[in-house]
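One-based numbering, in listed order, for ligands and for the atoms of each. Along the sequence shown, residues carry numbers from 1.
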Amino acid sequence: MISPGSDFQDRRAVIVSNRLPVTVTRKGGIIKVAPSVGGLATGLSSFHRSNDGLWVGWPGFSPGSQAIQEETEEILRNEQNCVPVYLSASDLKKYYNGFSNGTLWPLFHYFTTYCSYKISEWEAYKKVNQMFCRRLKEVVQPDDMVWIHDYHLLLLPELLRREVPDVTIGFFLHIPFPSMEIFRQLPWREEILNGMLGADLIGFHTYDYTRHFLSCLLRILGKEQSYGKLVVDNRMITVDTFPMGIDTEKFASASASPAVSIKKEHLLKKVKTEKIILSVDRLDFSKGIPERLKAFELFLDQYPQWQGRVTFIMLCVPSRTKVREYRMLKSEIDELVGRINGRFDTLEWLPILYMYRSLPFEELVSLYTSADLALVTPLRDGMNLVAKEYLACQSHTAKGALVLSETAGSAAELGEAILVNPNDLEMMAGAIARGLSLTDEEKKYSIDTMVDRLNKYNIYRWAEDFITTLTQTKENQVNSKQRFMVRQYEKKLQEKYQLADRRLLLLDYDGTLTSIRKRPDLANPDAELIELLAGLKNDSKNTVVIISGRDRETLTRWLSETGVDLVAEHGTWLRESSWESWKPTIEGLTDDWKQNVRPILDQFSIRTPGSFIEEKAHALVWHYRKSDPALGDLRAKELNDALHDILSGTDLQALPGRKVLEIKPVGVNKGRAAQHWLEKADIADSWDFILAMGDDLTDEDIFSIVPEYAWSIKVGLASYTRAGFFLESPDQTRKLLQNLEKS
Ligand code: ADQ
């Protein structure tokens with residue numbers, strides 16, 4: 001729920017989708033605009049209509065002249081709270097039929113052979129997204145809540161973010177988000193992901209799609225997340241799952257209405273068979289219509305006792321008729337229906353009743369209520385609302401059966417249906433036979449259970465849930481922004497720095513001063529970093545300490561020319577610049593334990609391609625940065641568990657870091673090493689400026705040991721930190737330090 005008293009509660013919603021939820025007609029010079037009733041429009045109506053909300057999109061019509069355009073715009077705005085984005089015939093060809101439906105739609109539904117990758121269509125897609133952005137810029141105010149829908153507008157969140165930086169943006173994808181293996185085939189994959197990341201909340205129908213998206217972010221953009229939260233340009237954003245529902249009550253009550261009863265009676269007089277099977281979809285290759293027809297044919301072959309007793313009503317809505325693949329699919333379906341009917345029909349019986357048109361609501365509901373079995377077998381479907389609409393219409397009688405593809409998003413919620421693999425014709429034929437033979441009790445149990453679930457998460461609840469999460473994400477952003485090291489804090493930091501005479505800078509190396517690299521040896525300091533550290537050190541008011549997990553040799557080789565003080569192996573060794581050599585923080589450390597631990601690390605390295613072991617003087621480190629990220633994380637957890645028993649009762653600990661697991665003596669940590677400088681006898685109480693910066697868990701020991709007046713900054717994603725502030729990346733660390741040096 002939106003928190004009571006939240007100022008977000010009263011925000012105006014601006015909904016954006018490719019198509020406006022209206023139908024525009026022009027007869028005898030008179031323009032009429034009527035709302036079109038779709039699931040989405042119904043669910044969002046309360047947000048769209050309240051607080052002067054707006055809906056921005058293509059009105060589905062191209063006005064011939066400027067005058068008609070202006071008149072339509074006025075009617076749309078005044079009567080329907082809609083703002084049109086006019087698209088030319090060429091835009092529609094390249095952006096809509098081209099990139100949206102000829103590239104993204106097939107790719108996201110795993111039909112990779114149907115995909116075309118044309119630069120001109122990609123350019124048109126970018127252009128139309130920019131047109132939407134310009135239109136939004138005219139009407140959006142910074143306090144608005146903008147909710148962008150679907151695959152036509154994947155670039156829009158980022159474009160809008162650039163124009164109106166603080167506005168709240170939600171994005172929902174209505175189709176599947178494919179696995180990384182599929183998505184990465186897209187030549188413009190980075191642009192698409194970055195486009196989506198402009199939103200504050202990104203929503204998908206199922207957890208699988210959410211998972212795929214997060215995996216693409218990690219593997220393609222290298223963006224890490226924690227429990228669906230990630231930092232993008234100093235904004236903590238959320239990625240989550242919201243299975244879209246329907247207006248269950250609307251379908252349930254219509255199914256019991258007198259108007260529908262009359263239509264149903266009429267239908268049953270015409271279709272005299274004992275049972276009716278129904279399918280309803282847009283004519284689309286993702287819906288598995290030819291496979292379904294073939295499965296029905298196989299069913300009639302394998303269960304001949306049903307011949308003459310069952311009619312399959314197949315309703316297809318014309319869709320994307322200008323795209324070649326859709327026209328070919330239409331011919332294939334026409335042919336299959338003709339062949340099957342020709343094979344089985346008799347003077348009294350036509351097996352398939354095929355309708356190629358859209359039906360008014362009550363006609364559709366009468367079909368849903370009359371059907372004994374709904375055959376919803378898409379090859380891939382983001383959600384599939386037809387399955388839910390059928391169940392809602394069966395809620396009073398509880399007499400129907402649902403055969404549903406396991407590859408439809410709705411299968412995740414409708415486990416009591418008869419689930420099928422839509423490519424397995426035998427399985428589908430068997431499922432039809434089973435569905436037609438279920439007992440009344442079996443049907444009632446599964447329908448009641450599923451309808452109960454649909455009632456609880458209907459379309460209104462779905463929309464509210466999304467808006468609530470968006471609101472919370474934005475509220476958290478506002479709160480945590482207070483902890484981002486933004487300009488205003490940096491200025492304060494600089495003032496304190498300038499005023500101070502004795503400054504202590506405790507800086508981690510990897511992930512703080514340089515970005516994490518695939519191979520540890522590639523992270524050697526560049527000339528800019530050497531110059532920066534030397535510059536800081538040369539200021540006599542500064543003591544600069546690099547506190548790293550790296551070994552002594554590497555740190556000496558890389559950094560001794562800068563003259564900074566050094567800590568190696570997470571605090572095992574210290575070296576002030578004036579010292580001749582390194583000193584251990586704890587005396588008497590032994591390495592006998594390594595022979596027991598090393599075989600376990602070896603075993604994990606063999607099982608995790610890309611991982612390797614690093615041996616330090618008093619530590620063993622298992623690195624997995626080069627491994628598959630998901631496998632690496634999993635194995636690191638397993639290794640930590642495996643070491644738990646072996647290390648308990650010893651004076652050793654396993655310490656997780658950034659893509660490493662380090663085994664080293666207890667009591668050795670970066671915080672303890674930092675203490676050496678914090679407690680230096682001659683200047684014990686006299687540090688008047690302390691800055692601590694680090695990026696991973698090992699740096700938390702420094703953050704917890706520095707006094708309260710110190711500035712502590714965590715670099716990178718932080719679902720938890722003891723540091724007072726965040727910075728996004730090592731680049732920003734360098735900028736901050738450079739500004740201090742210059743000040
Ligand atoms: P669609 O691919 O259009 O939607 P679906 O979810 O089944 O698929 O919605 C179709 C809608 O059209 C239903 O509300 C249905 O009642 C209506 N409809 C179908 N045939 C009809 C006919 N002949 N006459 C009248 N109305 C008809 C996309 C994604 C889906 C996702 C939805 C919502 O592809 O996976 O479920 O968006 O997010």
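- Each of the atoms 19 (C), 20 (N), 21 (C), 22 (C), 23 (N), 27 (C) of ligand 1 lies under 4.0 Å from some heavy atom of Val317.
- Taking every heavy atom of Ser358 and a limit of under 4.0 angstrom, the matching atoms of ligand 1 come to 23 (N), 24 (N), 25 (C).
- Gln394 and Thr369 get closest at one heavy-atom pair: NE2-O, 3.5 Å.
- Assignment of Tyr368 to the shell around ligand 1 is supported, since a heavy atom sits closer than 4.0 Å.
- The distance criterion of under 3.5 Å between nitrogen or oxygen atoms is not met by His109 with respect to ligand 1.
- Summarising the local packing, NZ of Lys330 is surrounded by more than 12 heavy atoms from other residues, nucleotides or ligands at distances under 6.0 Å.
- When each atom of ligand 1 is checked for a heavy atom of Met244 under 4.0 Å away, the hits are 33 (C), 38 (O).
- For Leu315, every heavy-atom contact with ligand 1 shorter than 4.0 Å involves the side chain, none the backbone.
- Counting the atoms of ligand 1 from 1 in the order shown, those under 4.0 Å from a heavy atom of Leu364 are 16 (O), 26 (N).
- Of all atoms in ligand 1, numbered sequentially from 1 with element shown, those under 4.0 Å from a heavy atom of Arg357 are 23 (N).
- Residues forming a salt bridge (Lys or Arg N to Asp or Glu O under 4.0 Å) with Lys32 (at least two apart in sequence, or on another chain): none.
- Taken from CD1 in Ile313 to CG in Leu353, the straight-line distance is 5.5 Å, to the nearest 0.5 Å.
- Atoms of ligand 1 lying under 4.0 Å from any heavy atom of Val280, numbered from 1 in the order shown and given with element: 19 (C), 20 (N), 21 (C).
- Between Tyr114 and His109, the gap from one ring centroid to the other reaches at least 6.0 Å.
- The N/O atoms of Gly382, backbone and side chain alike, include one that comes under 3.5 Å of an N/O atom in ligand 1.
- When the options Phe183, Tyr209, Tyr110 are evaluated for a ring-ring contact (aromatic ring centres under 6.0 Å, His included) with Phe177, the one that passes is Phe183.
- In this structure, Trp462 has its ring center no closer than 6.0 Å to that of Tyr457.
- Here atom 8 (O) of ligand 1 lies nearest to Lys287 when heavy atoms of Met383, Glu363, Lys287, Arg282 are compared.
- The cationic group of Lys275 does not satisfy the cation-pi geometry with Phe312, failing either the under 6.0 Å distance to the six-membered ring centre or the 45° limit from the ring axis.
- Taking each heavy atom of Pro378 and Arg292 in turn, the nearest pair found is N-NH2, 4.3 Å.
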side-chain hydrogen bond (donor to acceptor under 3.5 Å, both in side chains) assessment of Ser17 paired with Trp55
CA-CA 8 Å; Ser17 61; Trp55 197 312; 2.9 Å; yes

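- Using a 4.0 Å heavy-atom cutoff, Trp105 is listed among the residues neighbouring ligand 1.
- Between Leu359 and ligand 1, at least one pair of N/O atoms sits closer than 3.5 Å.
- The closest approach between a heavy atom of Met355 and any atom of ligand 1 is not below 4.0 Å.
- Not a single N or O atom of Ile175, backbone or side chain, sits closer than 3.5 Å to an N or O atom of ligand 1.
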